[in-house]
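Before any comments, here is the structure.
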Amino acid sequence: MSNVPVAVVTGSNKGIGFAIVRALCKQFPGDVYLTARDPGRGREAVAKLQEEGLHALFHQLDIDDLQSIRALRDFLKEKYGGLNVLVNNAGIAFKVHDTTPFAVQAEVTLKTNFFGTRNVCTELLPLVKPYGKVVNVSSMVSSSALGGCSRELQQKFRSETITEDELVELMTKFVEDTKKSVHEKEGWPNTAYGVSKIGVTVLSRIQARMLNEKRKGDHILLNACCPGWVRTDMAGPKATKSPDEGAETPVYLALLPSDADGPHGQFLSNKTVRTW
Ligand code: NAP
């Protein structure tokens, strides 16, 4: 078993994830895994970094597929006895003008952004070693979507005692409510992506609390962040940041020094803790 520190970035064959891997290859003192659901796209991305003189390793990972997540988990357990840095970056968004029915958009978006990310956490968080870092890439849209929720939902999403099961129930209810076209009446905002990212931010707050309760002595720091508005296939060419700039906050959180006792359980943008 290798004692080399190891970092894993989900959805990193392109966009912000790719830029995070690039930065980690330069700054992280260990093995950096670029992961992709499609091995062809993943290996092509690794080769692109190789041309820049950077050495990333590849492992397949489709966060929608529990078997794929578990295969990565078993690989990390066997080869490294765990992992040191996990960046949950993989995500999807329908384009604004997409005509796919809203209920379908809700189900598909939540499936990857919330439930897929949660499944990765369920399988990989127990493997994170002491002084490890976990970064969940959310979005400022989670804050604006929170503002668009009913007061009752806002209270639940800001609660310091909400459990993961309760959050899963709420995310499931959103999808069900869209199918019955009652989501607005039930206090939800009209954005599937926004609700999925509320899920990611709140999940991060819950996971950080659980780490405090169950693994306090391990000094693991777990946070959610927004990369900013970044020129990728998701956000388009008009966005203000380059992918390397978008990677800055996630990389800052992934590389917090071992003597740092925070941030933890926070939501950050531009390396600054934001009020949730
Ligand atoms: P992107 O260019 O569309 O890249 C998304 C990445 O996620 C791709 O590598 C994609 O793989 C991967 N992915 C999607 N579904 C996956 C799955 N089921 N399993 C594994 N990988 C999967 O988007 P981006 O702009 O870099 O976004 C990265 C993250 O930042 C997302 O979580 C996004 O919500 C967040 N974000 C972006 C912005 C922005 O302005 N760009 C702003 C706020 C937050 P494929 O190539 O196979 O599709």
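Each ligand, and each atom within it, is numbered from 1 in the order the structure gives. Computation of the quantities below employed the complete heavy-atom set of this structure, encompassing side-chain atoms and omitting hydrogens, waters and symmetry-equivalent molecules. Just so you know, residue 1 is the first one in the sequence shown, and it goes up from there.
The local environment of CD in E166 is crowded, with over 12 non-hydrogen atoms from other residues, nucleotides or ligands closer than 6.0 Å. Atom NZ of K95 has more than 12 heavy atoms from other residues, nucleotides or ligands within 6.0 Å. Counting heavy-atom neighbours within 6.0 Å of E213 CD, excluding the residue itself, gives a total above 12.
Under 4.0 Å from ligand 1, not a single heavy atom of M140 appears. Residue R231 does not touch ligand 1, judged by heavy-atom distances below 4.0 Å. Counting heavy atoms under 4.0 Å from ligand 1, residue L61 touches it through the backbone alone.
Nearest non-hydrogen protein atom to atom 6 (C) of ligand 1 is G11 O, 3.4 Å. Considering only non-hydrogen protein atoms, atom 44 (C) of ligand 1 sits nearest to S138 O, 3.2 Å. Closest to atom 23 (O) of ligand 1, if we only count protein heavy atoms, is M234 CB, 3.4 Å. Summary of contacts: the protein heavy atom closest to atom 34 (O) of ligand 1 is Y193 OH, 2.6 Å. When hydrogens are left out, the protein atom nearest atom 18 (N) of ligand 1 is D62 OD1, 3.0 Å; that is the closest non-hydrogen contact. In this structure, atom 48 (O) of ligand 1 lies nearest to the protein heavy atom R37 NH2, 2.8 Å. Annotation: atom 4 (O) of ligand 1 to nearest protein heavy atom, K14 CE, 3.8 Å.
Although no hydrogens or angles enter the test, the distance criterion places no donor-acceptor pair under 3.5 Å between the side chain of N13 and the main chain of A36. With hydrogens and angles disregarded, a donor-acceptor distance shorter than 3.5 Å links the side chain of S12 to the backbone of T35. When atom types are taken as modelled, the side chain of E245 and the backbone of S242 share a donor-acceptor pair closer than 3.5 angstrom.
Taking a cut-off of under 4.0 Å to the non-hydrogen atoms of D64, the atoms of ligand 1 that pass are 18 (N). The ligand atoms of ligand 1 that sit less than 4.0 angstrom from a heavy atom of D233 are 2 (O). Interface of A235 with ligand 1, defined as ligand atoms under 4.0 Å from a residue heavy atom, comprises 39 (C), 40 (O), 41 (N). Each of the atoms 40 (O) of ligand 1 lies under 4.0 Å from some heavy atom of W229. Residue-ligand proximity, R41 to ligand 1, at heavy-atom distances under 4.0 Å covers atoms 45 (P), 46 (O), 47 (O). Interface of I92 with ligand 1, defined as ligand atoms under 4.0 Å from a residue heavy atom, comprises 14 (C), 15 (N).
Taking the charged nitrogens against the carboxylate oxygens, K156 and E152 do have a contact shorter than 4.0 Å, which makes a salt bridge. Comment: E51 does not engage K48 in a salt bridge, judged by the lack of any side-chain N to carboxylate O separation of less than 4.0 angstrom. Ionic pairing of K179 and E107 is present here: one or more N-O contacts between side-chain nitrogen and carboxylate oxygen are shorter than 4.0 angstrom. Look at E164 and R118 and you find a salt bridge, because one of the NZ, NE, NH1 or NH2 atoms lies within 4.0 Å of a carboxylate O, short of that distance. Between E160 and R209 no salt bridge is recorded (no basic side-chain N to carboxylate O distance below 4.0 Å).
Between the side chains of Q154 and R158, a donor-acceptor pair is found at a separation under 3.5 Å. A donor and an acceptor atom, one from each side chain of D98 and T100, are located under 3.5 Å apart. In this structure, a donor-acceptor pair under 3.5 Å is present between the side chains of N136 and S204.
Within the set A90, P250, S12, the minimum heavy-atom distance to atom 22 (C) of ligand 1 is found for A90. Between the choices G15, A239, G91, S269, the shortest heavy-atom distance to atom 5 (C) of ligand 1 belongs to G91. Evaluated by nearest non-hydrogen atom to atom 31 (C) of ligand 1, the leading choice among V200, T117, N89 is N89. Looking at S139, C226, G228 and measuring to atom 42 (C) of ligand 1, the nearest heavy atom belongs to G228. The heavy atom nearest to atom 35 (C) of ligand 1, considering only T10, V137, N136, is found in V137.
Checked by distance only, ligand 1 and D38 stay at 3.5 Å or farther apart across all their nitrogen or oxygen atoms. The shortest N or O to N or O distance between V230 and ligand 1 is under 3.5 Å. On a distance-only criterion, I63 and ligand 1 share at least one N/O pair closer than 3.5 Å. Ligand 1 has no nitrogen or oxygen under 3.5 angstrom from a nitrogen or oxygen of G17. Below 3.5 Å of separation, one finds an N or O of I16 facing an N or O of ligand 1. At least one N or O atom of T232 sits closer than 3.5 Å to an N or O atom of ligand 1. For ligand 1, the polar-atom distance check finds no N/O of T112 at less than 3.5 Å from any of the ligand's N/O atoms.
Residue N13 places a heavy atom under 4.0 Å from ligand 1. Note on ligand 1: P227 sits in its first shell, one or more heavy atoms being nearer than 4.0 Å. Distances shorter than 4.0 angstrom do not occur between any heavy atom of P243 and any atom of ligand 1. The shell of residues lying under 4.0 angstrom from ligand 1, judged by heavy atoms, excludes F18.
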Go through the steps to decide whether Y80 and D31 satisfy the test side-chain hydrogen bond (donor to acceptor under 3.5 Å, both in side chains), and finish with yes or no. CA-CA 10 Å; Y80 298 93; D31 289 351; 2.6 Å; yes

Take F102 and N190 through the test side chain to side chain contact (heavy atoms under 4.5 Å, CB included) and record every step on the way to the result. CA-CA 9 Å; F102 188 65; N190 216 11; 3.8 Å; yes

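In this structure, W276 and F267 have perpendicular ring planes: the angle between them is above 60°, well past the 30° mark.
When each of Y193, W188, F157 is checked for a ring pair (Phe, Tyr, Trp, His ring centres under 6.0 Å) with F174, only W188 meets the rule.
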